Amino acid sequence: MAKLVIKNVSLKYHTVEDEIEALRDFNLEVEPREFISIVGPSGCGKSTLLSLIAGLMKPTTGSIILDGSPITGTTQKIGYMLQQDYLFEWRTILDNALLGLEVMRRKTDESVAQVKQMLKDYGLSGFEHSYPHQLSGGMRQRVALIRTLATEPDLLLLDEPFSALDYQTRLAVGEDVCRILCQHQKTVIMVTHDIAEAISMADRVIVLTSRPGRVKSEHVIDFGPEYNHSSPLKRRESPRFREYFAAIWKELNSSEQ
Amino acid sequence: MNSKKGYSLEHRKYLRRIRVRQRTILVLQILLLISVFALWEIAAAYGWINQFITSKPSRAWTAAVNLFNRGELWRHLGYTIGETVLGFTVGTMAGIVIAAALWWSDFISRILDPYIVILNSVPKVALGPIFIVWLGTGLKAVVAMAVATSIIVTIMVVHNGFKNIDPNKIKLMRTFGASRLQIFTKVVIPASVPTMISALKVSVGLSLVGTIVGEFLGSKAGLGYLIVYGGQIFNMSLVMAAVIMLSVVSALLYYLVVLLERKIVRYNR
Ligand SMILES: Nc1ncnc2c1ncn2[C@@H]1O[C@H](COP(=O)(O)OP(=O)(O)O)[C@@H](O)[C@H]1O
Ligand SMILES: [Mg+2]
């Protein structure tokens with residue numbers, strides 16, 4: 001059974017000045033433990049799509065089904081990582097990482113110990129009691145990831161999670177995140193505008209049309225057996241990488257016109 | 001963090017230059033104050049100004065000492081400080097509660113918006129006689145004046161702070177399924193602490209204004225009472241003494257808020 005089914009979803013935003021159709025007849029199925037990347041021109045409705053899946057808004061028409069039952073509001077099965085880390089500057093790193101658990105009233109000695117362990121595992125030991133402004137961009141993004149993972153969602157939504165980072169950090173954090181997510185065997189939907197990032201991390205890349213967003217094409221990414229378990233950086237070296245890149249790039253560009 | 005030894009010679013020179021500059025500024029500030037008082041004293045002594053209407057520092061001092069000897073100094077100071085702190089506390093707490101209610105319901109906030117703007121521009125002193133009729137002369141009316149003078153600004157500044165919180169922080173909370181109350185207590189309040197403190201800095205001064213006006217209009221104690229009373233009996237030394245004490249009180253109250261700020265805002269430094 002598919003983990004997530006998006007069926008004929010459309011969404012209109014209403015403002016006093018205008019009515020904006022962000023998504024129209026959107027269809028997508030995601031398998032368990034699949035890593036999906038979504039690329040598309042800016043403003044085509046990618047963030048809108050994630051907000052709908054996360055249950056923050058209701059689609060105008062259509063339905064979204066998670067594990068066989070329709071999504072009606074936010075659920076603890078879904079973790080959503082926003083475009084920036086949005087760490088709270090008045091909370092320590094540990095307290096930031098515990099935010100989700102606290103809100104869900106699931107903060108226990110056990111879960112706190114678990115989060116502390118995650119901070120250690122992901123290179124943040126010694127920073128538990130620091131404040132966000134004392135950390136680098138890459139470290140902050142890892143804290144944000146831990147904050148999301150701590151609530152143990154099985155579907156993760158990542159909205160351009162690295163766009164606030166510089167190129168070097170972005171590659172490094174991408175490596176980390178990919179490793180961590182593979183370890184946890186999560187289903188992931190990642191929105192990005194970086195084609196290379198999309199290809200290097202995903203099992204499948206979905207290209208969207210410009211607004212109103214629809215699926216324009218799908219690319220199953222398969223680097224062959226020797227690359228199956230390798231890191232995103234390694235995958236970038238594969239000869240097939242450039243083929244995928246060229247194909248997706250061309251599609252994106254033709255959709256801009 | 002580095003030990004002093006770790007710095008280069010140029011850096012130590014740079015630090016020393018800054019220290020010297022800061023000390024010079026402080027010394028000049030004190031000198032300025034002393035010279036104003038000295039000039040005032042000399043001008044009065046040589047008859048350049050009329051002592052009868054300007055008084056002079058030494059006589060203001062005597063007036064204060066007389067008050068002290070009669071055991072009235074602390075009573076007057078206590079009333080003014082107490083009324084201000086009370087008005088300020090009530091005004092701030094009520095102001096924050098009202099701002100929270102306005103944040104909670106945007107609809108109500110829209111309805112009330114023009115009235116708050118109007119109330120803000122009404123001179124609160126006009127309300128004085130009403131309070132006196134309702135509450136009688138004395139402490140209650142004075143505190144009501146202090147509250148009335150400070151609360152509107154608190155409501156406006158704090159509500160504005162609540163509204164200007166990054167919507168993405170709220171979105172983040174919603175992704176965890178947070179209730180509106182959780183969003184309020186875990187994001188809106190802590191994110192607005194700096195705004196609330198800057199509101200405090202303004203409202204502590206306004207409360208003092210309200211207190212003095214209240215004491216002018218009807219009271220038997222407090223610096224405001226002393227000033228009016230001194231004016232009526234043409235005792236300018238008493239008036240000047242009270243005005244100088246008032247300046248000290250206002251500086252002290254402001255400093256208290258700054259201390260509070262340092263205590264609360266630990267992050268970000
Ligand atoms: N709250 C909103 N109200 C009105 N229009 C919106 C709102 N949010 C997004 N939009 C519009 O919907 C379209 C899709 O937005 P979004 O999903 O953020 O795009 P993307 O993430 O792909 O850049 C954009 O044209 C945007 O201007
Ligand atoms: Mg977006």
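Nothing here was measured: the structure is a model prediction, and the numbers come from that model. So that the names make sense, note that chain A is the first sequence line, chain B the second, and so on, each numbered from 1. Because only heavy atoms are used, hydrogens play no part in the values below, and waters and symmetry mates are left out as well, while side chains stay in.
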> Is A:Gln183 atom CD crowded by more than 12 heavy atoms from other residues, nucleotides or ligands, each under 6.0 Å away?
Replying inline: yes
>> Please report the interatomic distance CZ(A:Phe88) to CG(B:Asp166), rounded to the nearest 0.5 Å.
In response: 9.5 Å
>> Less than 4.5 Å to any heavy atom of chain B: does that hold for the side chain of A:Leu56, its backbone, both, or neither?
In response: both
>> For B:Asp106, I'd like to know if atom CG has over 12 heavy atoms of other residues, nucleotides or ligands within 6.0 Å.
In response: yes
> Hey, what do you get for CZ (A:Arg105) to CD (B:Gln182), rounding to the nearest 0.5 Å?
Replying inline: 4.5 Å
> For A:Lys77, does the NZ atom sit with more than 12 other heavy atoms under 6.0 Å from it, leaving out its own atoms?
Replying inline: yes
>> Counting C-beta onward and ignoring hydrogens, is there a side-chain heavy-atom pair between A:Thr151 and B:Phe176 closer than 4.5 Å?
In response: yes
> Tell me, side chain or backbone of A:Thr92 under 4.5 Å from chain B's heavy atoms, or both, or neither?
Replying inline: neither
> Which is it for A:Val103 and B:Lys186 under the side-chain contact (heavy atoms from CB on, under 4.5 Å) test, yes or no, and what are the steps along the way?
Replying inline: CA-CA 9 Å; A:Val103 169; B:Lys186 289 187 198 298; 4.1 Å; yes
>> Tell me whether B:Tyr14 at atom OH has more than 12 heavy atoms from other residues, nucleotides or ligands lying less than 6.0 Å away.
In response: no
> Where does A:Gln76 contact chain B at under 4.5 Å (heavy atoms): side chain, backbone, both or neither?
Replying inline: neither
>> Which atoms of A:Leu87 are under 4.5 Å from chain B, going by heavy atoms: the side chain, the backbone, both sets, or neither?
In response: backbone
>> Taking atom NZ as the centre, does B:Lys169 end up with more than 12 heavy-atom neighbours from other residues, nucleotides or ligands that are less than 6.0 angstrom away?
In response: yes
> Are B:Arg174 and A:Tyr80 close enough, and set up right, to give a side-chain contact (heavy atoms from CB on, under 4.5 Å), and what steps lead you there?
Replying inline: CA-CA 10 Å; B:Arg174 291 189 56 216; A:Tyr80 191 169; over 6 Å; no
> Is it the backbone or the side chain of A:Arg106 that comes under 4.5 Å from a heavy atom of chain B, or both, or neither?
Replying inline: neither
>> I'd like to check B:Leu172 versus A:Leu99 (side-chain heavy atoms, cut-off strictly below 4.5 Å). Are they in contact?
In response: yes
>> Does atom CZ (A:Arg204) have a neighbourhood of more than 12 heavy atoms from anything else shown, all under 6.0 Å?
In response: yes
> Could you state the interatomic distance from CG (A:Asp159) to OG1 (B:Thr175), rounded to the nearest 0.5 Å?
Replying inline: 11.5 Å
>> Counting neighbours of OH on B:Tyr254 that are heavy atoms of other residues, nucleotides or ligands and sit closer than 6.0 Å, is the number greater than 12?
In response: no
> Does a side-chain heavy-atom distance below 4.5 Å link B:Lys171 with A:Leu82?
Replying inline: yes
> For B:Lys201, does the NZ atom have more than 12 heavy-atom neighbours from other residues, nucleotides or ligands under 6.0 Å away?
Replying inline: yes
